[in-house]
Participant: 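The structure is given below, and queries will be raised subsequently.
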There are 2 protein chains.
Amino acid sequence: MKVLSKGTVYGLRALVYLATQKDRTGYVSIGEISEKLDISFHFLTKTFQMLTQKGILESYRGPSGGIALNKPAEQIFLFDIVKILEGDDFFDKCLLGLPGCGDFEPCPVHDFWKVAKAALKNEFEITSLAELGAKVTDERLRLSA
Amino acid sequence: MKVLSKGTVYGLRALVYLATQKDRTGYVSIGEISEKLDISFHFLTKTFQMLTQKGILESYRGPSGGIALNKPAEQIFLFDIVKILEGDDFFDKCLLGLPGCGDFEPCPVHDFWKVAKAALKNEFEITSLAELGAKVTDERLRLSA
DNA sequence: TTCTTTTGCGACTAAATACTCTTAAATCTT
DNA sequence: AAGATTTAAGAGTATTTAGTCGCAAAAGAA
């Protein structure tokens, strides 16, 4: 099941990494993250730009610059990140992609999907970066599992 | 949230359409379905070929040929269709796409995703084509909602 | 000021997905 | 047997997504 685009996945992995570095002060460079997590530097940069513009991250240029979470990891939820990177309507789309689909004019899978989607959305809403960061004991964010 | 590929969506819409035609005897031509649902004929043909090979559909060539459900719509579940069209591991994938991820060596979102995915999978497992077909009162399977 | 480090941003390339076209094979009709 | 209808299958094209490259802009250091 491919729910998230690559860009979103990279963003999530990188943010969880950041959440695990909470005892470090100052900024963490994109170069370091891209190296540690084996993610293309330029690709990651673009994803971070979006997160910076939307207030999830704070960025700073120049030596010892980089990025940092703009608020405590406890207050950043998967829901926020995914909505920014995948679009605001991410949790509202019809499973079949039919335009007018809604409670008033439901597609055949509307009721089914409404229930399933609500469960998923709830999980995204209650899960914070801090919670995820706490589970990462070592280098499990890399591809080389 | 884009969970399913276009091919799968087309397949689902077409199968639901077939389920609504249960009082008709014999085969329904792919041409008719592609026209009624506004789906590319050739694209639909490929999707149907896969469903035919996997025993969901029965096909017949020549005049008044076409396709037909190979068993009652009550016995065909979204789960079956999706697994055929998206791959057997559809409901087993790691949200972050990390290779070794599992209960033994979980990624940071493993527990979270396990719960959400189980709920989704269950919905797909219990929902049959018959159930969906019963909800389609008129031409709500077309794109022109 | 000049050089180095690091993010910002636009253009370019590659790969995956979606779609189209052509021809073959099966089956019915005349 | 010849032609029409309909699925099967593969090759080719287009669009979208993913990934790369190069350079400008900001900021610190020498």
Side-chain angles (χ1 to χ4, degrees), chain A residues 1-15 18 24 26-70 85-87 90 93 96-97 143, chain B residues 1-15 18 24 26-70 85-87 90 93 96-97 143:
Chain A
M1 178 155 35
K2 195 193 153 254
V3 175
L4 304 172
S5 69
K6 283 285 182 76
T8 301
V9 166
Y10 293 160
L12 278 178
R13 279 168 57 203
L15 288 174
L18 269 184
R24 284 169 62 180
Y27 299 96
V28 178
S29 81
I30 300 180
E32 172 190 330
I33 300 173
S34 104
E35 208 174 300
K36 285 268 175 59
L37 302 189
D38 243 336
I39 298 172
S40 149
F41 171 77
H42 285 99
F43 203 119
L44 197 51
T45 293
K46 273 197 293 191
T47 302
F48 278 152
Q49 278 166 28
M50 219 166 324
L51 293 169
T52 301
Q53 284 162 8
K54 294 287 186 171
I56 299 285
L57 294 173
E58 186 189 357
S59 73
Y60 202 80
R61 302 193 210 191
S64 79
I67 55 159
L69 295 179
N70 204 17
L85 296 179
E86 296 280 346
F90 183 71
K93 284 185 195 150
L96 302 183
L143 275 177
Chain B
M1 181 157 33
K2 194 193 153 255
V3 175
L4 305 173
S5 69
K6 284 285 184 77
T8 301
V9 165
Y10 292 162
L12 278 177
R13 278 168 59 204
L15 287 174
L18 269 184
R24 283 168 64 179
Y27 299 96
V28 178
S29 81
I30 300 180
E32 172 190 332
I33 299 173
S34 103
E35 207 174 301
K36 285 269 173 62
L37 303 188
D38 244 336
I39 298 172
S40 146
F41 171 79
H42 286 98
F43 203 118
L44 198 50
T45 293
K46 275 199 289 193
T47 302
F48 279 152
Q49 278 166 26
M50 218 165 325
L51 292 169
T52 302
Q53 285 161 7
K54 294 286 187 171
I56 299 285
L57 294 173
E58 186 189 356
S59 73
Y60 203 81
R61 301 192 209 191
S64 79
I67 56 161
L69 294 179
N70 205 19
L85 296 179
E86 297 279 346
F90 184 71
K93 285 186 195 148
L96 301 182
L143 276 178

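For the numbers below, each heavy atom of this structure counts, side chains included, while hydrogens, waters and symmetry mates do not. Convention: sequence-line order gives letters A, B, ...; per-chain numbering from 1.
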Participant: Can you check the B:Leu44 CG to C:dT20 C1' distance for me, whole Å?
Facilitator: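 Going from B:Leu44 (CG) to C:dT20 (C1'), I get 14 Å.
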
Participant: If you check every side-chain atom of B:Ile30, which of D:dT20, D:dA26, D:dT7 has the closest atom?
Facilitator: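 Nucleotide nearest to B:Ile30's side chain: D:dT7.
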
Participant: Check every atom of C:dC19, C:dC9, D:dT7 against the side chain of A:Gln49 and return the nucleotide holding the closest atom.
Facilitator: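 Selected nucleotide (nearest to the side chain): C:dC9.
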
Participant: Nearest to the side chain of A:Ser40 - C:dA18, D:dA4, D:dG19?
Facilitator: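 Closest nucleotide to the A:Ser40 side chain: D:dG19.
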
Participant: Considering every strand and a 4.0 Å limit on heavy-atom distances, what is the contact class for B:Tyr60: base, sugar-phosphate, or nothing?
Facilitator: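 Sugar-phosphate only.
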
Participant: What does A:Glu58 touch in the nucleic acid at a heavy-atom separation under 4.0 angstrom: a base, only the sugar-phosphate, or nothing?
Facilitator: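 It contacts nothing in the nucleic acid.
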
Participant: Checking the side chain of B:Glu86 only, and the main-chain atoms of A:Met1 only, is there a donor and an acceptor separated by less than 3.5 Å?
Facilitator: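 Not at all, since once roles are kept as given, no pair shorter than 3.5 Å links the two residues.
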
Participant: Tell me which nucleotide among D:dG28, C:dT22, C:dT6 gets nearest to the side chain of B:His42.
Facilitator: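 In terms of side-chain proximity for B:His42, the closest of D:dG28, C:dT22, C:dT6 is C:dT22.
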
Participant: From the list C:dT6, C:dC9, D:dT7, which nucleotide is the closest neighbour of the side chain of A:Arg61?
Facilitator: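 The answer is C:dT6, which lies nearest to the side chain.
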
Participant: Expressed as a whole number of angstroms, how long is the span from A:Glu32:CD to C:dT6:C1'?
Facilitator: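 Between C1' of C:dT6 and CD of A:Glu32: 13 Å.
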
Participant: Mind checking if A:Gly66 touches a base, just sugar-phosphate, or nothing, with heavy atoms under 4.0 Å?
Facilitator: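 Result for A:Gly66 = sugar-phosphate.
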
Participant: Among D:dA24, C:dC9, C:dA18, find the nucleotide with the atom closest to the side chain of B:Ser5.
Facilitator: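 Of the options given, the side chain of B:Ser5 lies nearest C:dA18.
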
Participant: Among the nucleotides D:dA18, C:dG8, D:dA8, which one has an atom lying closest to any side-chain atom of B:Thr52?
Facilitator: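 Nearest to the side-chain atoms of B:Thr52, counting from C-beta on, is D:dA8.
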
Participant: Contact class for A:Tyr27 (heavy atom, under 4.0 Å): base, sugar-phosphate, or nothing?
Facilitator: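 Touches nothing.
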
Participant: Just compare C:dT6, D:dA9, D:dT7 and give me whichever is closest to any side-chain atom of B:Ser29.
Facilitator: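 Out of C:dT6, D:dA9, D:dT7, the nucleotide with an atom closest to B:Ser29's side chain is D:dT7.
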
Participant: Would you sort out whether B:Thr47 and B:Ile39 count as a side chain to side chain contact (heavy atoms under 4.5 Å, CB included), showing the intermediate values?
Facilitator: CA-CA 11 Å; B:Thr47 302; B:Ile39 298 172; over 6 Å; no

Participant: Check every atom of D:dA18, C:dT20, C:dC28 against the side chain of B:Pro63 and return the nucleotide holding the closest atom.
Facilitator: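 Within the option list, the nearest is C:dC28.
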
